[in-house]
Number of protein chains: 2
Amino acid sequence: MGKTNILGSFEHLVLLALVHLGEESYGVTVRQELEQKSGKTISIGAVYATLDRLEGKNLISSRHSGADPARGGKPRRHFKVLPAGELALARSRELLEKMWHGIDLNKERPTG
Amino acid sequence: MGKTNILGSFEHLVLLALVHLGEESYGVTVRQELEQKSGKTISIGAVYATLDRLEGKNLISSRHSGADPARGGKPRRHFKVLPAGELALARSRELLEKMWHGIDLNKERPTG
DNA sequence: AATCAATTTTACTTTGTAGAATAGAAATGG
DNA sequence: CCATTTCTATTCTACAAAGTAAAATTGATT
């Protein structure tokens with residue numbers, strides 16, 4: 001059998017955020033997306049650390065874009081999901097679906 | 001917003017294996033289930049370490065049962081998913097579904 | 001130089017993982 | 001009957017990878 005090589009749970013979420021955001025994805029928007037969907041506070045450091053790791057594994061790539069006019073601040077680092085990243089996502093999803101299959105958590109809850 | 005508190009990816013899988021196995025769940029069967037569904041090799045140490053951690057967080061409980069007759073080996077440690085564990089699973093699932101929503105990975109694949 | 005937006009760094013905790021060691025029960029053989 | 005071997009299962013050890021928060025830094029703009 002192959003070696004285990006599953007996406008970390010946060011990596012998974014970050015990757016999904018990137019796919020969702022498309023062109024709009026850079027550190028700050030990724031964090032926003034994550035906070036919105038999860039309702040939890042996400043530290044920006046956690047986001048960048050994970051982005052760096054995903055890039056290190058060649059699941060995503062990044063490039064710097066010149067700063068937009070009419071905006072303070074430094075230029076943004078934009079991210080793109082690579083084919084390997086999409087594959088990893090698809091695999092994670094398949095495995096989770098396989099494992100969830102046939103499971104109903106509300107099986108024996110009190111009725112009255 | 002609340003603090004992040006997401007299941008680790010392997011914790012998630014182990015919890016799902018336990019739910020799936022019900023009464024039959026102990027270290028060795030959990031590992032089997034995981035290997036079957038994932039097609040990957042899972043070390044037994046990884047399984048127990050994770051079970052211990054889940055128990056430490058009160059997401060599951062364990063009890064020892066006397067050894068079955070007609071079977072070599074030592075008595076088994078059986079595991080049960082607690083309500084908090086089911087809740088954690090339900091939450092993970094919801095979040096993932098929310099994040100997957102609207103995403104189609106096959107968007108722009110070459111057709112010919 | 002003050003301000004703003006964004007990224008990087010630092011330091012640490014928690015999870016994930018493999019492999020060896022140990023333990024309990026039953027079977028075997030003298 | 002007792003020592004030893006064999007099974008099955010669990011625990012221990014040691015380290016790598018992922019997750020996280022908070023502070024520091026950078027680059028552009030005013």
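Proteins get letters first, then strands, A, B, ... in listed order; numbering begins at 1 in each.
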Exercise. Base, backbone or nothing for each nucleotide of nucleotides 13-24 of chain D, written B, S, -, heavy atoms under 4.0 angstrom, 5' to 3'?
Worked result: -----BBBBB--
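- Between the P atom of dT29(D) and the CZ atom of R76(A) lies a distance of 12 Å, rounded to the nearest Å.
- Here the straight-line distance linking atom CD of E33(A) with atom CG of L18(A) works out to 9.5 Å at 0.5 Å rounding.
- In this structure, R77(A) places its CZ atom 16 Å from C1' of dG27(D), rounding to the nearest Å.
- Between E35(B) atom CD and dA18(C) atom P the separation is 10 Å, expressed in whole Å.
- Within the 4.5 Å cutoff, side-chain heavy atoms of H78(B) are placed close to those of R63(B).
- Aromatic ring pairs are classed by plane angle as parallel below 30°, tilted from 30° to 60° and perpendicular above 60°; the pair W100(A) and H12(B) is perpendicular.
- Distance, K74(B) NZ to dA9(D) C1': 6 Å, rounded to whole Å.
- Residues I103(B) and L34(A) share a single hydrophobic cluster, defined by chaining ILVMFWY side chains whose heavy atoms lie under 4.5 Å apart.
- Under the 4.5 Å side-chain criterion, counting only non-hydrogen atoms from C-beta, V28(A) is in contact with Q32(A).
- Between the C1' atom of dT8(C) and the CZ atom of F79(A) lies a distance of 11 Å, rounded to the nearest Å.
- Straight-line distance from the CG atom of L51(B) to the P atom of dG16(C): 12 Å, rounded to whole Å.
- For R31(B) and dA9(D), the shortest distance from a side-chain N or O to OP1 or OP2 is not below 4.0 Å.
- dG16(C) atom P lies 17 Å from atom NZ of K40(B), rounded to whole Å.
- Between the NE2 atom of H64(B) and the P atom of dT8(D) there is a distance of 18 Å, rounded to whole Å.
- No side-chain donor-acceptor contact under 3.5 Å links E24(A) and T29(A).
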